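Structure first, commentary second.
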Amino acid sequence: MEYRIHVNAVHKTNLTATTVLASVPCDRNAKLEKVIISSRTGITHDGTNYSQIAVKNGSNTLAVRLFNASSLAALTPESLAISGDASVSSSTCLNIEYDFSASGLAVDCDLILVFRTERQF
């Protein structure tokens, strides 16, 4: 069985500190299968002053979108690759984290996290 969780990841100004924008408490054994990201107004990339949005389980990055080389058009969904062990349990809390380079970038993202539950017999 599949389920989806919507998460806002918004910071209206440039931010020069790594910040957790949201947390996703998990309530069952499942696997993160897909992350879909979109921007409300669009994010123009910057090779020096850029940010990234990452979905992390502790220090392990499961999905990431950098804004250093390509822009994200407004209201255009984009799927992010999942890496590493994306399994979660009832004791897992995923972080939606803002990381930065130089002055960073403001972000106005929405994420959909798609999970597949473990089969129960």
Side-chain angles (χ1 to χ4, degrees):
M1 182 195 323
E2 182 179 276
Y3 67 99
R4 297 165 181 256
I5 297 175
H6 170 257
V7 180
N8 293 318
V10 176
H11 199 280
K12 295 184 185 234
T13 60
N14 299 358
L15 187 61
T16 57
T18 297
T19 304
V20 175
L21 297 178
S23 64
V24 179
C26 300
D27 66 348
R28 63 193 81 179
N29 292 340
K31 184 172 185 174
L32 180 64
E33 289 198 328
K34 186 187 298 186
V35 175
I36 304 165
I37 189 171
S38 68
S39 172
R40 298 168 189 192
T41 61
I43 299 172
T44 302
H45 73 281
D46 187 304
T48 303
N49 299 303
Y50 64 89
S51 59
Q52 70 178 27
I53 298 293
V55 178
K56 294 186 174 183
N57 184 355
S59 62
N60 297 325
T61 301
L62 304 180
V64 66
R65 175 51 157 98
L66 278 86
F67 298 101
N68 63 340
S70 63
S71 300
L72 183 59
L75 305 175
T76 303
E78 179 180 303
S79 291
L80 305 182
I82 303 296
S83 61
D85 180 8
S87 298
V88 299
S89 70
S90 60
S91 64
T92 302
C93 190
L94 299 178
N95 292 334
I96 311 302
E97 195 168 284
Y98 173 99
D99 295 314
F100 72 100
S101 174
S103 295
L105 286 174
V107 292
D108 63 346
C109 298
D110 289 287
L111 290 83
I112 298 292
L113 282 64
V114 181
F115 295 89
R116 179 149 320 268
T117 58
E118 288 188 353
R119 294 182 74 149
Q120 301 291 324
F121 295 100

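Keep in mind that what you see is a predicted model, and the values were worked out from it rather than measured.
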Rounded to the nearest 0.5 Å, how far does [atom2] of [Y] lie from [atom1] of [X]?
X: Arg65; Y: Ile53; atom1: CZ; atom2: CD1; result: 10.5 Å
X: Leu72; Y: Leu66; atom1: CG; atom2: CG; result: 12.5 Å
X: His45; Y: Ser71; atom1: NE2; atom2: OG; result: 5.0 Å

task = Give the intermediate values and the outcome of side-chain contact (heavy atoms from CB on, under 4.5 Å) for residues Ser87 and Asn29.
result = CA-CA 7 Å; Ser87 298; Asn29 292 340; over 6 Å; no

Any donor-acceptor N/O pair, [X] side chain to [Y] backbone, under 3.5 Å:
X: Thr117; Y: Met1; value: yes
X: Thr76; Y: Ala74; value: yes
X: Ser38; Y: Leu75; value: no
X: Thr19; Y: Ala17; value: yes
X: Ser101; Y: Thr48; value: yes
X: Tyr98; Y: Ala106; value: no

Residue pair [X] / [Y]: nearest heavy atoms and the distance that separates them:
X: Leu105; Y: Asp46; result: CD2-CB, 4.3 Å
X: Phe67; Y: Tyr50; result: O-CB, 3.4 Å
X: Ile82; Y: Ala63; result: CD1-CB, 4.1 Å
X: Ile96; Y: Val7; result: CG1-CG1, 3.7 Å
X: Val107; Y: Ala9; result: CG2-O, 3.8 Å
X: Thr61; Y: Ser83; result: O-OG, 3.2 Å

task = Mind jotting down which residue pairs meet the salt bridge (charged side-chain N to carboxylate O under 4.0 Å, His left out) criterion with at least one end in residues 15-37? Sequence neighbours excluded, please.
result = Glu33-Arg116

task = Could you tell me which residues satisfy salt bridge (charged side-chain N to carboxylate O under 4.0 Å, His left out) with Asp99, sequence neighbours excluded, listed by chain and number?
result = Lys56

request  = List the steps, then state whether side-chain contact (heavy atoms from CB on, under 4.5 Å) holds for Asn60 with Asp85.
outcome  = CA-CA 9 Å; Asn60 297 325; Asp85 180 8; over 6 Å; no

remark   = Residues passing the ring pair (Phe, Tyr, Trp, His ring centres under 6.0 Å) test with Phe115, sequence neighbours excluded, are Tyr3

